[in-house]
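All values below come from the heavy atoms of this structure, side chains included, with hydrogens, waters and symmetry mates left out. In listed order, ligands and their atoms are each counted from 1.
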Amino acid sequence: MEEFENYFKMTIDAKLINEGFVRSMVAAFCVQLNPSVSEISDIKTAVSEAVTNCIVHGYSGKKGCIDVLVGLRDSTIYIKISDAGIGIDDIEKARQPFFTTKAKEERSGMGFTLMESFMDTLKVYNNQNGGVTVEMSKEIKV
Ligand SMILES: Nc1ncnc2c1ncn2[C@@H]1O[C@H](COP(=O)(O)OP(=O)(O)O)[C@@H](O)[C@H]1O
Ligand SMILES: [Mg+2]
């Protein structure tokens with residue numbers, strides 16, 4: 001983790017009850033960069049969407065774990081969230097606004113769109129051993 005000035009890593013059970021915990025942990029860690037209220041709120045929303053996707057889509061509510069890495073460098077926050085679930089067939093399609101494979105469960109299909117608009121960068125890929133990784137970053141303005 002030498003590329004970061006500071007970082008933390010956590011692995012957590014893929015349960016919906018843990019989503020708020022991850023969101024708050026990431027937000028608390030970011031405080032050292034003096035983010036504005038709106039920057040923190042953007043980051044929380046993006047993390048919330050990514051973690052929820054792991055639980056709801058990656059594992060479909062079954063047992064699993066989520067790996068979270070948050071790193072800071074040059075006033076930019078880097079967030080990596082991975083699961084070892086089913087993966088995504090067509091990532092380009094999945095990233096389109098309103099695309100969802102769980103329309104019956106009232107998913108809006110806006111998760112990736114929100115992550116993309118609230119963060120500066122968003123990368124989504126399937127892991128070699130299965131599951132999905134989402135990498136995003138955001139510069140905290142002075
Ligand atoms: N971690 C993941 N594992 C497997 N599939 C995923 C994951 N994240 C997203 N997806 C797929 O991408 C689609 C779009 O995700 P998203 O934009 O968050 O919309 P929604 O969650 O409302 O369906 C999901 O419906 C699902 O098919
Ligand atoms: Mg979603």
Side-chain angles (χ1 to χ4, degrees), residues 1-33 35-141:
M1 293 300 114
E2 273 164 32
E3 69 257 50
F4 297 122
E5 289 153 12
N6 193 6
Y7 75 91
F8 85 91
K9 268 171 141 178
M10 66 194 277
T11 301
I12 193 159
D13 224 358
K15 292 185 173 17
L16 275 176
I17 196 161
N18 289 336
E19 180 271 313
F21 178 73
V22 177
R23 178 166 29 102
S24 304
M25 289 283 284
V26 176
F29 190 73
C30 291
V31 163
Q32 61 196 290
L33 293 180
S36 66
V37 170
S38 103
E39 285 168 332
I40 275 284
S41 151
D42 290 355
I43 290 165
K44 280 175 144 179
T45 302
V47 168
S48 170
E49 292 295 334
V51 170
T52 304
N53 279 353
C54 298
I55 300 163
V56 167
H57 302 297
Y59 296 119
S60 294
K62 294 190 195 80
K63 255 183 116 48
C65 65
I66 302 170
D67 290 315
V68 180
L69 165 70
V70 182
L72 307 181
R73 188 182 62 238
D74 301 333
S75 306
T76 299
I77 172 162
Y78 298 86
I79 303 172
K80 188 171 167 179
I81 296 175
S82 322
D83 64 61
I86 57 164
I88 301 178
D89 281 345
D90 185 339
I91 290 177
E92 207 183 318
K93 201 163 150 196
R95 289 181 63 154
Q96 298 297 311
F98 306 113
F99 177 87
T100 182
T101 47
K102 298 233 166 161
K104 284 190 215 106
E105 294 172 29
E106 295 182 22
R107 295 280 148 198
S108 66
M110 290 301 285
F112 285 132
T113 306
L114 289 170
M115 290 179 232
E116 191 155 16
S117 62
F118 287 155
M119 302 294 281
D120 296 342
T121 66
L122 173 68
K123 228 169 97 184
V124 184
Y125 55 90
N126 285 306
N127 306 319
Q128 221 137 42
N129 306 322
V132 171
T133 296
V134 167
E135 287 182 17
M136 37 198 185
S137 70
K138 187 180 184 70
E139 188 191 348
I140 303 302
K141 304 278 173 15

K.L.:
Is any N or O atom of Phe112, backbone or side chain, closer than 3.5 Å to an N or O atom of ligand 1?
P.N.:
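By distance alone, the answer is yes.
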
K.L.:
Any donor and acceptor pair, going by atom type alone, linking the side chain of Asn127 with main-chain N or O of Asp83 inside 3.5 Å?
P.N.:
yes

K.L.:
Considering distance alone, does some N or O of Gly109 sit under 3.5 Å from an N or O of ligand 1?
P.N.:
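By distance alone, the answer is yes.
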
K.L.:
Looking at ligand 1, would Gly87 count as a contact under a 4.0 Å heavy-atom criterion?
P.N.:
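Yes, Gly87 has a heavy atom closer than 4.0 Å to ligand 1.
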
K.L.:
For atom CZ of Phe8, is the number of surrounding heavy atoms from other residues, nucleotides or ligands below 6.0 Å larger than 12?
P.N.:
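Result for CZ/Phe8: enclosed.
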
K.L.:
I need the atoms of ligand 1 closer than 4.0 Å to a non-hydrogen atom of Ala94, numbered in the order shown.
P.N.:
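In order of number, 12 (O), 14 (C).
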
K.L.:
To the nearest 0.5 Å, tell me how far Arg23 CZ sits from Glu49 CD.
P.N.:
10.0 Å

K.L.:
Between Asp90 and Glu92, is there a donor-acceptor pair closer than 3.5 Å when you use the side chain of the first and the backbone of the second?
P.N.:
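Yes: the side chain of Asp90 pairs with the backbone of Glu92.
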
K.L.:
Would you say Ser108 and ligand 1 have an N/O pair spaced under 3.5 Å apart?
P.N.:
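Yes - when backbone and side-chain N and O of Ser108 are compared with those of ligand 1, one distance drops under 3.5 Å.
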
K.L.:
Which part of Asp83 is near ligand 1, with near meaning a heavy atom under 4.0 Å away: side chain, backbone, both or neither?
P.N.:
side chain

K.L.:
Does any N or O of ligand 1 fall below 3.5 Å from an N or O anywhere on Thr100, backbone included?
P.N.:
yes

K.L.:
Using a 4.0 Å cutoff against the non-hydrogen atoms of Gly111, which atoms of ligand 1 qualify?
P.N.:
16 (P), 17 (O), 18 (O), 19 (O)

K.L.:
Would you check whether Glu49 has a nitrogen or oxygen atom less than 3.5 angstrom from a nitrogen or oxygen atom of ligand 1?
P.N.:
no

K.L.:
Just wondering, do Leu72 and Phe29 contact through their side chains at under 4.5 Å, heavy atoms?
P.N.:
yes

K.L.:
Checking a contact table here: which protein heavy atom is nearest atom 26 (C) of ligand 1, and how many Å away?
P.N.:
Thr101 OG1, 3.3 Å

K.L.:
Is there a donor-acceptor pair under 3.5 Å between the side chain of Thr52 and the backbone N or O of Ser48?
P.N.:
yes

K.L.:
Is Ile88 close to ligand 1, meaning an N/O of one under 3.5 Å from an N/O of the other?
P.N.:
no

K.L.:
Is there a donor-acceptor contact under 3.5 Å from the side chain of Asn53 to the main chain of Gly58?
P.N.:
no

K.L.:
Quick check on the Mg ion (ligand 2): does Asn53 put an N/O/S atom closer than 2.8 Å to it?
P.N.:
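Checking Asn53: at least one N, O or S atom is under 2.8 Å.
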
K.L.:
Against heavy atoms of Phe99, which atoms of ligand 1 measure under 4.0 Å?
P.N.:
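Checking each atom against Phe99, I get 14 (C), 19 (O).
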
K.L.:
For atom 20 (P) of ligand 1, what is the nearest protein heavy atom, given as residue, atom name and distance?
P.N.:
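Answer, as residue, atom name and distance: His57 NE2, 3.5 Å.
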
K.L.:
Can you list the atoms of ligand 1 that are under 4.0 Å from a heavy atom of Gly58?
P.N.:
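Going through ligand 1 atom by atom, the ones under 4.0 Å from Gly58 are 2 (C), 3 (N), 4 (C).
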
K.L.:
Does a side chain donor of either Ser137 or Asp120 reach within less than 3.5 Å of an acceptor in the other side chain?
P.N.:
no

K.L.:
Is there a side-chain contact between Lys9 and Asp67 (heavy atoms, below 4.5 Å)?
P.N.:
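SC-SC contact between Lys9 and Asp67 ruled out.
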
K.L.:
Can you pull out the closest protein heavy atom to atom 18 (O) of ligand 1? Residue, atom name and distance to 0.1 Å, please.
P.N.:
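Result: Asn53 ND2, 2.9 Å.
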
K.L.:
Determine whether Asn126 and Val132 make a side-chain contact, defined as any pair of heavy atoms from C-beta on separated by less than 4.5 Å.
P.N.:
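Yes - at least one pair of side-chain heavy atoms lies under 4.5 Å apart.
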
